[in-house]
There are 2 protein chains.
Amino acid sequence: MAEHHRFTTLVLSTVAVILLCSTPQPSALKHAATTPRFFEKFAASSTHHSQLDLHYETRYFQQRLDHFSFSELPPFPQRYLINTDHWDRSSGPIFFYCGNEGDITWFAQNTGFVWEIAPQFGAMVVFPEHRYYGESVPYGSREEAYKNASTLSYLTAEQALADFSVLLIDLKQNFSAIDCPVVLFGGSYGGMLAAWMRLKYPHIAIGALASSAPILQFENIVPPETFYDIVSNDFKRESSTCFTYIKQSWDEISSKGQTNDGLEHLTKTFKQCQKLKSTDDLFGWLESAYSYLAMVNYPYPSEFLMTLPGHPIKEVCRRIDQGPAGTSILERIYEGVNVYYNYTGEAKCFELDDDPHGLSGWNWQACTEMVMPMSSSQESSMFPPYEYNYTSYLEDCIKSFGVEPRPKWITTEFGGHNILATLKKFGSNIIFSNGLLDPWSGGSVLQNISESIVSLVTKEGAHHIDLRASTGNDPDWLVEQRATEIKLIQGWISDYYRKSKAVFDI
Amino acid sequence: MAEHHRFTTLVLSTVAVILLCSTPQPSALKHAATTPRFFEKFAASSTHHSQLDLHYETRYFQQRLDHFSFSELPPFPQRYLINTDHWDRSSGPIFFYCGNEGDITWFAQNTGFVWEIAPQFGAMVVFPEHRYYGESVPYGSREEAYKNASTLSYLTAEQALADFSVLLIDLKQNFSAIDCPVVLFGGSYGGMLAAWMRLKYPHIAIGALASSAPILQFENIVPPETFYDIVSNDFKRESSTCFTYIKQSWDEISSKGQTNDGLEHLTKTFKQCQKLKSTDDLFGWLESAYSYLAMVNYPYPSEFLMTLPGHPIKEVCRRIDQGPAGTSILERIYEGVNVYYNYTGEAKCFELDDDPHGLSGWNWQACTEMVMPMSSSQESSMFPPYEYNYTSYLEDCIKSFGVEPRPKWITTEFGGHNILATLKKFGSNIIFSNGLLDPWSGGSVLQNISESIVSLVTKEGAHHIDLRASTGNDPDWLVEQRATEIKLIQGWISDYYRKSKAVFDI
């Protein structure tokens with residue numbers, strides 16, 4: 001296998017991994033901040049998908065840009081979606097989704113669970129947007145907000161949590177709902193925010209459902225190979241030949257790329273709209289498909305990132321394995337990833353995802369706080385081997401944003417090491433829900449920590465499937481998982497009212 | 001009583017209240033940011049006091065100026081005192097005092113308890129200095145750091161807690177002490193920091209002894225009259241005539257001040273070095289004395305703020321009550337406060353405390369986050385009546401610093417409302433210790449919240465007396481209080497090792 005093929009860091013987006021691959025620049029393979037798959041890309045295309053029929057009002061809240069200093073900075077409008085139709089004003093809870101790295105309307109669409117259960121709880125529903133995403137950008141425009149390291153410098157998780165807290169206190173006051181309990185929800189990075197917010201702001205929210213929240217994907221808490229190993233196992237469990245074809249394909253591509261007209265051939269084989277400039281581009285395109293497939297490997301047809309059949313990896317492997325006799329490995333691979341990129345058959349050719357400016361919000365976050373080491377092991381992974389190297393990561397971030405990451409900051413601020421011991425007698429009311437097919441599950445909490453900081457693990461679940469709207473095709477384990485979540489949340493709320501009453505009675 | 005006499009906000013300093021009084025400016029009586037009694041004033045004079053014979057090394061740690069953004073700002077050196085003489089390197093805890101608003105060497109001197117118990121715990125002792133105080137100032141000099149609102153803007157409690165966390169993680173790594181449990185200590189504002197740090201950074205510290213920490217002195221959590229009512233009661237319990245003399249004295253002073261040569265007379269009666277410019281100055285001078293006396297109303301002679309006899313308020317009231325027949329109220333008052341300002345009899349005349357620049361660090365904190373409403377009630381207080389008025393407070397802060405306070409921020413960030421219900425099943429291992437003679441006790445936690453978030457209340461205790469070095473004169477209740485604290489801390493440490501072992505055994 002060609003030595004120069006290296007993985008770049010996985011960057012988490014929304015649902016949503018951003019699997020980064022080496023870039024076309026010949027100078028250096030990139031690690032953190034270039035060629036991400038934008039979540040926004042999917043968000044934009046989501047209008048083609050079937051939509052939930054949601055009713056909400058869109059409002060804006062004037063937020064402070066820096067909560068933790070008294071620097072004079074311009075405030076910015078934070079968008080939030082709100083629905084009070086079913087809210088029981090006397091005692092109904094506030095269901096608050098911790099918006100993550102993208103347009104909040106898209107998260108609202110893909111978090112049907114919260115909307116579905118709100119009526120039975122008499123709950124108000126609030127979906128606030130994360131700063132620097134969607135319409136909630138400072139400095140007047142996305143362009144200004146993303147101009148440079150200085151304007152981007154307030155795009156951090158701590159600031160986002162403070163936004164949520166300030167907004168909630170304001171909402172409670174304005175709705176005369178000071179005593180209404182707040183329950184947090186979040187998936188992926190939003191799940192991390194939900195869990196962290198419950199830990200940091202227990203006076204504001206009584207509990208959190210943190211779905212597919214890889215809060216342990218930092219430093220050396222989980223092995224850096226975890227993510228790619230899980231993706232690889234998702235393929236291997238369907239078919240070991242499929243796994244092997246994929247594992248072999250990288251060398252094939254590299255060899256082909258080194259021949260005369262090799263790139264042209266590859267361009268044709270993989271129906272790229274533009275001629276490939278390097279095999280690295282193709283690596284990235286394929287790696288992304290596999291990783292996203294692992295995340296959305298749902299048991300029923302879905303249209304979350306792309307239009308896909310149920311159990312999409314099964315279908316990918318079926319096509320890879322069952323290529324007609326004499327079909328080359330690369331042709332099989334193409335047939336396979338076609339399930340991901342073109343299940344509807346509408347695409348005539350494919351555009352590489354490109355981020356010419358290297359300035360997506362998540363890339364900034366990955367280059368500052370969200371430093372998640374990712375490697376790909378020679379043995380257990382089907383991806384090209386890659387060893388995480390902080391030095392190159394750092395160099396890349398300096399080059400892309402002129403910023404130096406703080407790889408230890410998240411664990412300093414939020415913890416993570418020895419989480420079992422730390423939270424055994426500290427904190428309460430957090431559900432960490434995970435599906436083991438989801439490659440992010442490996443960096444999440446998969447054990448009960450205490451009586452009320454619990455882990456719900458489903459063997460066949462993928463990326464925060466529990467937060468999605470229910471469907472007629474939901475398997476029993478999913479129905480049961482959601483029922484358990486509802487029961488736990490009900491328990492938090494009863495407990496809250498019991499305690500308040502007890503204090504009042506003193 | 002003259003209408004224009006109004007209290008200004010109490011500002012907490014160190015031990016250490018900063019009782020603000022109206023200023024000499026005729027324009028407006030000040031509320032938050034002018035004429036504080038600097039803690040530094042006392043720190044400077046503390047060299048005249050008896051010193052503990054402490055052994056420590058002084059070191060400096062390069063700190064980030066803004067932990068919560070990625071703005072490019074110059075780092076600053078944080079000073080810390082460290083002693084590892086008694087540290088058991090295999091498993092000894094780290095005793096970490098959360099430095100508050102002043103020179104850290106002075107806190108080290110006045111926190112003998114930590115030094116005394118360290119050997120029996122095999123503990124390392126660390127006293128880090130709070131940013132912007134002592135030698136730990138950014139921008140190269142105190143002058144630069146305090147230049148304006150922009151340079152001061154990073155002087156916040158959250159940043160200070162992040163400093164402590166980053167420093168601790170670095171120390172643990174450098175001493176190969178990753179698994180050594182950290183126990184936090186703090187008194188007054190330092191106690192608030194200790195409690196908040198245990199709540200916000202449970203992964204870094206296993207518990208906190210928060211002595212005289214008025215974390216509920218914000219917004220309307222406790223009535224704004226609390227502080228002055230406690231001071232007043234401290235006098236009333238010694239003598240109701242003493243209380244009445246003091247209560248009457250303000251009108252006497254006001255009347256006198258309005259007569260010809262009145263200010264001159266007052267200047268002489270109260271042996272002021274400089275001629276009084278207004279009676280407000282004198283009000284401030286007296287109010288400070290009473291409030292500080294309440295704080296350091298220790299049962300044995302002490303030299304914390306000033307050289308004082310044991311039970312100093314008893315002595316003040318003895319002198320006020322027992323003035324020779326025919327002595328005027330004001331002469332009695334003078335004799336009384338002389339106990340505070342001149343117990344050694346060395347002073348020939350008195351200088352008013354002045355802060356011509358209005359730029360002490362605590363004043364900045366009071367004008368930004370630490371907005372503690374303080375009123376003085378017409379009925380129960382011996383002070384001139386004053387009703388807290390946020391509008392004037394705000395105006396004053398804008399005038400003094402060009403900054404707008406955020407009066408709700410501390411409760412948003414750290415909680416406080418409904419603390420019993422919030423922390424009943426959240427958090428662990430905090431001791432809130434308070435002496436009821438201390439006027440700050442009213443804003444602190446005086447009830448057990450849970451099995452391990454407990455309150456130790458002593459009826460005869462004053463401002464964080466438990467943290468002081470033991471003396472031959474310690475009353476039994478103080479000896480017992482400290483023994484209880486030691487036992488609780490031992491319990492946290494055993495529990496920590498039990499849990500770590502349990503996790504390791506899994």
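Computed from a prediction, not measured in an experiment: that's the story for all the values here. By convention in this document, chain letters (A, B, ...) are assigned in the order of the sequence lines, proteins followed by strands, and residues within each chain are numbered from 1.
Of the candidates A:S71, A:S150, A:S153, A:S153 is the only one forming a side-chain hydrogen bond (donor to acceptor under 3.5 Å, both in side chains) with B:S71.
Contacts between A:H417 and chain B at a heavy-atom distance below 4.5 Å are absent for every atom of the residue. Using a 4.5 Å cut-off between heavy atoms, A:R64 touches chain B through its side chain atoms alone. Neither the backbone nor the side chain of A:E451 comes within less than 4.5 Å of any heavy atom of chain B. No part of A:N429 comes within reach of chain B, as not one of its non-hydrogen atoms sits under 4.5 angstrom from that chain.
Counting heavy-atom pairs under 4.5 Å between each of A:D179, A:L155, A:L161, A:T156 and chain B puts A:T156 at the top. No other option in B:I178, B:D495, B:T151 has as many heavy-atom pairs under 4.5 Å with chain A as B:D495.
Distance check: A:H67 NE2 to B:S69 OG gives 12.5 Å after rounding to the nearest 0.5 Å. With rounding to the nearest 0.5 angstrom, the CZ atom of A:F68 is 13.5 Å from the OH atom of B:Y154.
Enclosure of atom CD in A:E72 is not indicated, since only 12 or fewer non-hydrogen atoms of other residues, nucleotides or ligands lie within 6.0 angstrom.
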Go through the steps for B:H203 and A:N418 under the test side chain to side chain contact (heavy atoms under 4.5 Å, CB included), then give the verdict.
-> CA-CA 8 Å; B:H203 47 288; A:N418 302 318; over 6 Å; no

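Taking the ring pair (Phe, Tyr, Trp, His ring centres under 6.0 Å) definition, one finds that A:F175 meets it with A:W87, sequence neighbours left out. Under the rule for a ring pair (Phe, Tyr, Trp, His ring centres under 6.0 Å), the partners of B:H130 that lie at least two apart in sequence or sit in another chain are B:Y133, B:Y189.
Residues of residues 406-416 of chain A that come within less than 4.5 angstrom of chain B, heavy atom to heavy atom, are A:R406, A:K408, A:W409, A:T411, A:T412, A:E413, A:F414, A:G415 in numerical order. Residues of residues 163-171 of chain B lying under 4.5 angstrom from chain A, judged on non-hydrogen atoms, are B:S165, B:V166, B:I169 by number.
For the pair A:K200 and B:Y201, the cation-pi test (distance below 6.0 Å, angle within 45°) is passed.
Side-chain contact between A:F70 and B:E369 is present, with heavy atoms from C-beta onward closer than 4.5 Å. B:T422 places none of its side-chain heavy atoms less than 4.5 Å from the side chain of A:I206.
Counting all heavy atoms, side chain and backbone alike, A:F426 lies closest to B:S428 at CD1-N, 3.7 Å.
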